[in-house]
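Taking it in order: structure first as structure tokens, then the write-up.
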Amino acid sequence: LVKTHNLLTTRNYIFGYHPHGIMGLGAFCNFSTEATGVSQKFPGIRPYLATLAGNFRMPILRDYLMSGGICPVNRDSIDYILSKNGSGNAIIIVVGGAAESLNCTPGKNSVTLKNRKGFVKLALRHGADLVPVYSFGENEVYKQVIFEEGSWGRWVQKKFQKHIGFAPCIFHGRGLFSSNTWGLLPYSKPITTVVGEPITIPKIDNPSQKEVDFYHSIYVDALIKLFDKYKSKFGLPETEVLEVN
């Protein structure tokens, strides 16, 4: 977990996490556990990782998720945290969601963001600062079968995504005892999560589409700049370009 700027405890924040990867391991390890010392790096900031509401319908799993400060990624939960829980709160939203997971494969750096503007509208309604976050290596820990647009496989995935909320991916990691066998354990690849500079957002009770689009464009530019600034430091060539879909 790499900190680039201090966060004021008098403000609330929405972290936009990119990319989703297969399981969002960087988001979970960095913001729902103390594995990388998030409370020491951002003292006074309470992180809440947002995930699919369906995960909270399963006993035991629900309690495990809640013990790590994980909350459903729905409006009621986010409204409560940002308006009725004081300041110093940071909600981590994996913006690309299930759609982005379908394109996650080693060697590819792409995000689903162009038409994802709901998190910006929420930030404006609550006056919560936006923070771009990029995890280098998130797409490297699993290998996935990518179905081309128009194929039957992609059709099935999109139907699942539309009606259930997640997209079934065909992927594999390494085996339990050997990296030469297939299994569900992630490959031993580093994930480096860089938390960028917060973007100051005004509080607007009913933001117009023009206002949402304006701050969304600022956010996209900030994410690209964050990627370009740190890509060579974490193993990518200077010619690598972040693909924004």
Side-chain angles (χ1 to χ4, degrees), residues 1 12-36 38-39 42 45-85 88-104 110-113 115-123 125-126 128 130-135 137-139 141-142 144 157-171 173 184-186 191 193-195 219 223:
L1 180 64
N12 284 325
Y13 302 91
I14 293 181
F15 286 21
Y17 183 90
H18 313 270
H20 183 286
I22 297 295
M23 295 187 180
L25 295 179
F28 176 77
C29 292
N30 285 305
F31 300 113
S32 290
T33 78
E34 281 296 327
T36 53
V38 62
S39 63
F42 299 101
I45 301 298
R46 296 181 295 276
Y48 298 88
L49 177 60
T51 187
L52 290 175
N55 291 329
F56 294 86
R57 298 191 182 101
M58 291 179 274
I60 300 178
L61 174 61
R62 172 192 61 210
D63 302 284
Y64 175 70
L65 294 176
M66 292 175 68
S67 71
I70 299 178
C71 67
V73 62
N74 57 38
R75 181 170 170 176
D76 289 341
S77 297
I78 294 173
D79 282 347
Y80 177 83
I81 292 172
L82 294 181
S83 65
K84 299 179 181 178
N85 200 29
N89 302 294
I91 296 180
I92 297 88
I93 299 177
V94 186
V95 178
E100 191 172 85
S101 68
L102 297 179
N103 296 315
C104 294
S110 67
V111 296
T112 302
L113 182 57
N115 297 315
R116 299 295 175 104
K117 300 179 180 180
F119 73 105
V120 178
K121 189 172 183 178
L122 280 170
R125 288 179 61 244
H126 293 284
L130 288 172
V131 182
V133 179
Y134 197 87
S135 271
E138 182 71 65
N139 288 346
V141 295
Y142 286 106
Q144 179 183 189
Q157 289 177 320
K158 287 189 173 181
K159 285 294 182 182
F160 265 84
Q161 178 190 336
K162 180 179 178 180
H163 297 291
I164 301 179
F166 72 92
C169 301
I170 300 177
F171 68 94
L184 292 180
L185 290 178
I191 298 177
T193 301
V194 183
V195 180
Y219 178 86
L223 178 64

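These numbers come from a predicted model, not from an experiment.
Annotation: side chain of F119 is not in contact with side chain of I91 (no heavy-atom distance under 4.5 Å). Side-chain contact check for L223 versus H18: some heavy-atom pair is nearer than 4.5 Å. Side chains of L122 and D79 form a contact here, defined as non-hydrogen atoms less than 4.5 Å apart. A 4.5 Å side-chain heavy-atom check between V195 and F31 finds at least one atom pair inside the cut-off. T51 is not listed as a side-chain neighbour of F28, based on a closest heavy-atom distance of 4.5 Å or more.
Across every non-hydrogen atom of Y48 and C71, the tightest pair is CB-SG, 4.3 Å. Nearest heavy-atom pair, V120 versus L130, reported as atom, atom and distance to 0.1 Å: CG2-CD1, 4.2 Å. The nearest pair of heavy atoms linking G21 to S101 is O-CB, 3.5 Å. Across F56 and R62, no two heavy atoms sit closer than the pair O-CD, 3.2 Å. What you find for G96 and R116 is that their closest heavy atoms are O-NH1, 3.1 Å. Between R46 and N85, the shortest heavy-atom distance links the atoms NH2-O, 3.3 Å.
Residue C29 holds its SG atom at 11.5 Å from CE of M23, rounded to the nearest 0.5 Å. Once rounded to the nearest 0.5 Å, the distance linking CD1 of I14 with CD1 of I78 reads 6.5 Å. Distance check: F15 CZ to I45 CD1 gives 7.0 Å after rounding to the nearest 0.5 Å.
Side-chain atoms of E100 do not come within 3.5 Å of backbone N or O of V95 as any donor-acceptor pair. A distance-only check finds a donor-acceptor pair linking the side chain of Q144 to the backbone of C104 [under 3.5 Å]. Not one N or O on the side chain of Y142 forms a donor-acceptor pair closer than 3.5 Å with the backbone of I22. The closest donor-acceptor contact from the side chain of N12 to the backbone of N89 lies under 3.5 Å. Using modelled atom types, no side-chain atom of S77 and backbone atom of V73 make a donor-acceptor pair closer than 3.5 Å. Using a distance-only test at 3.5 Å, with no hydrogens or angles considered, a donor-acceptor pair links the side chain of Y219 to the main chain of G16.
Residue M58 places its CE atom among more than 12 non-hydrogen atoms of other residues, nucleotides or ligands, all under 6.0 Å distant. Atom NZ of K117 has more than 12 heavy atoms from other residues, nucleotides or ligands within 6.0 Å. Heavy atoms from other residues, nucleotides or ligands lying under 6.0 Å from CG of N115 number 12 at most. Within 6.0 Å of CG on L184 lie no more than 12 heavy atoms contributed by other residues, nucleotides or ligands.
Tested against L1, the residues V133, T36, V194, I191 include a single side-chain contact (heavy atoms from CB on, under 4.5 Å) partner, T36.
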**OP:** Let me see the working for N103 and S110 under side-chain hydrogen bond (donor to acceptor under 3.5 Å, both in side chains), right down to the final yes or no.
**Re:** CA-CA 8 Å; N103 296 315; S110 67; 5.4 Å; no
